[in-house]
Amino acid sequence: MIHLSQARSSILFEADGDSFSILYWGKKIVVADKAAQESIVRALTKPSYHGALDVSPGNLILREHSRGWMGHPALRGHRSGVSASNAFTVKNLHHTDSTLTIDFADSIAGLEIKVTYTLTPSDILLMDAEVTNVAEGDYYLEHFLYWLPLAEQADEILDFYGHWTKERQPQRRSIGYGITSREGFEGRTGHDYTITQVALNHATGFRHGEAWSLGMAWSGNNIAHVERLIDGHKSIGAGEYLLPGEVILAKGQSYKAPRAVATFSDKGLDGVTNNHYTWIRSRSNHITKVKPRPLTLNMWEAVYFDHTEAAIRKMVDKAAEIGVERVVLDDGWFGSRRDDRSGLGDWVVSDEAWPNGLGPIIEYINDKGIEFGLWFEGEMVNRDSDIYRAYPDWILQEPGRIPVEGRYQQVLDLTKEGAYNHVLSQVDTVLTENNIGYIKWDHNRHLTDPISDGRPAVRQQTEAIYRLFDELKRRHPGLEIESCSSGGGRIDLGMIEHADRFWTSDQNDALERQEIQRWSALVIPPEFLGTHVGPTVGHQMHRTHSISFRVLNALFGHAGIEWNINEANAEETEVLKKYIAFYKQHRNLLHSGTVVRSDEIVGSAYLYGTVALDKKEAIFTYMQLTSIDNFGPLVTTFDGLDKDSRYQISVVEELSANEFTQKSPPGWWPSLALTGDHLAHIGVQLPVLKPESGLLFHIKAL
Ligand code: DGJ
């Protein structure tokens, strides 16, 4: 038996003759000696059932049908119709207390598979695999999926669906018999992508209970499964969705499966979140280690395609006055791109939009101590563009057929050297000629015919964009990249290795966005998630929200503004200044602390916060989304602090709602000293808030 463990979780493997299986994945256990190992194996050995085979395999890593596994196999493929069956044996094994590498071989199938498990100190389980064809002739790989066993008490799945302006909507349902699948073949992860899927007990909440999550570190096509078999096996699986013929391995060639990222938590969904955050933040190049996340003004909703230098200068004046640190010029600065029908693909500054080039406006912005960022959408072309006219065969397409359009655009085939070099060199030139340390990189359509020279190429296209980002960063040290895809269409655990920020959603309505941000942040830390204060009357929902509700909504992320701030009235301008000052003062805590989400305040309101790792400070937000059923105000508890320490809890009144449905405020308002224990178990009485308003709390150890 091999036992990998860290502070809170364990995974046990068993070598049984030729086969290899996972005995257990869950809460940390101690396996004292050989006798204990043997007992565990015996305890978990299945009976063999009437009407079934004479063997009852455990949770085989490769799930070969030839060994009697009757669920989904890990590997599927063939050699032009033969060699579809396989039975792997262990050739080599290497392990430490936290890593295991197994080399499997099947001499009949002519295949080798290397699988590596790494249980990180943050209890994130990383899985990597490589499939190699070692025999003559081509092997047509259909899929390789990672699978992990689930405990009996995992009886529900939580995953996420969505569309443009409504990403990451939760769906929680019972695990029934058979397979529950989410498959994505948009050629990007997409708005409907779950990022991670979570198996959990029906009683698991944010603060308590067990949860097992699995997601892919990949930005292309994807599969997520939960499987419950009639023989009692229950498992969670994920992998890359391969199109027919996408991976054909000649002798000696390998398929490197994208990495899978899993975690077990016995501390509810907050544990899933905090394990991911700790792992992501432990990377040596994590973005907050490079610099605090600058307060960003994105110009898209402020000007759309109307790039008038004088108006933008005026906005920059106001941006400087209120404390903005980065200004991003969005779509419309290049080629013939005066609307979304033309110019995409021609990454040359437009004389028409910017007769003086970008130099003067960048200088103007930099002189005010503000950084400048610029928008690109390098994977796409309008057919009305110079580049398409010159190279019409540079798009992904089934030969002889032009794919349906999406926002009047086609996908540039970055697997073609010429197309890749065109984008790289044009973007590189703009970055070299101007002082630009930040790019927002968009991706605004599905890949409907992701075919390159007749063969499916999502995988190569995905690898090409990773390569392009990495190369741009190599050429321009310090360059940051924001991954946008019509809002949150390419937020995933693969892109976090190549990009530094995600545009969470094109939905800028603070009420709608609460849900989108809450669940996007399940495994993606807030320092990655762009959250912007929108205009008084939102452009998507046409709802009017107070400036307080809008700034509270934008605070728990990589904060910014998406609005023509010259339209802000005096009160809004003052609140914006205070929001920016508060963000700057507290961003280190917001971008490093432990997440706490209330299990009690859910439904008509949300309560969530970030507690400093040393528990000396915390910031919480109470957001009243809809009206509450009981007129009497709620008592709210604040979990996650040190129970023996005394804290001052204060309402940050300058950013909070200032109108309530009450005759007098709660007795403690606006500040009180309480112990961490009392904050967690007694709590404080809240005022009665109107819908679409919120409160900000600052909690500090005394
Ligand atoms: C879609 C993005 O999500 C927006 O933020 C903006 O950049 C537009 N594209 C520009 O075309």
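We count ligands from 1, going down the list as the structure has it; atoms in each ligand are counted the same way. We use all heavy atoms of the structure for the numbers below, so side chains are in, but hydrogens, waters and symmetry mates are not. We count residues from 1, following the sequence as given.
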Mind running side-chain hydrogen bond (donor to acceptor under 3.5 Å, both in side chains) on Trp333 and His307 for me, showing each step along the way? CA-CA 7 Å; Trp333 57 269; His307 289 205; over 6 Å; no
Sub-3.5 Å N/O-N/O distance, Gly487 and ligand 1: yes
Evaluate the ring planes of Phe582 and His586, with Trp represented by its six-membered ring, and classify them as parallel (under 30°), tilted (30 to 60°) or perpendicular (over 60°). tilted
Ligand 1 contact on Asp340 by region, counting heavy-atom pairs under 4.0 Å: neither
A cation-pi test, strictly: NZ or CZ of Arg313 under 6.0 Å from the centre of the six-membered ring of Tyr364 and no more than 45 degrees from its axis. Yes or no? yes
Salt bridge between Arg341 and Asp384, side-chain N to carboxylate O under 4.0 Å? no
For ligand 1, which part of Cys484 has a heavy atom less than 4.0 Å away: the side chain, the backbone, both, or neither? side chain
Can you confirm whether more than 12 heavy atoms, excluding those of Glu417, are under 6.0 Å from its CD atom? no
Does ligand 1 have an atom under 4.0 Å from some heavy atom of Arg407? yes
Give the residue, atom name and distance (to 0.1 Å) of the protein heavy atom nearest atom 1 (C) of ligand 1. Asp442 OD2, 3.1 Å
When distances are taken from atom 5 (O) of ligand 1, the protein heavy atom at minimum range is Lys440 NZ, 2.7 Å
Closest heavy-atom approach to atom 6 (C) of ligand 1 among Asn298, Asp330, Asp506, Asp331 is made by Asp330
Charged N-O contact under 4.0 Å between Arg518 and Glu515: no
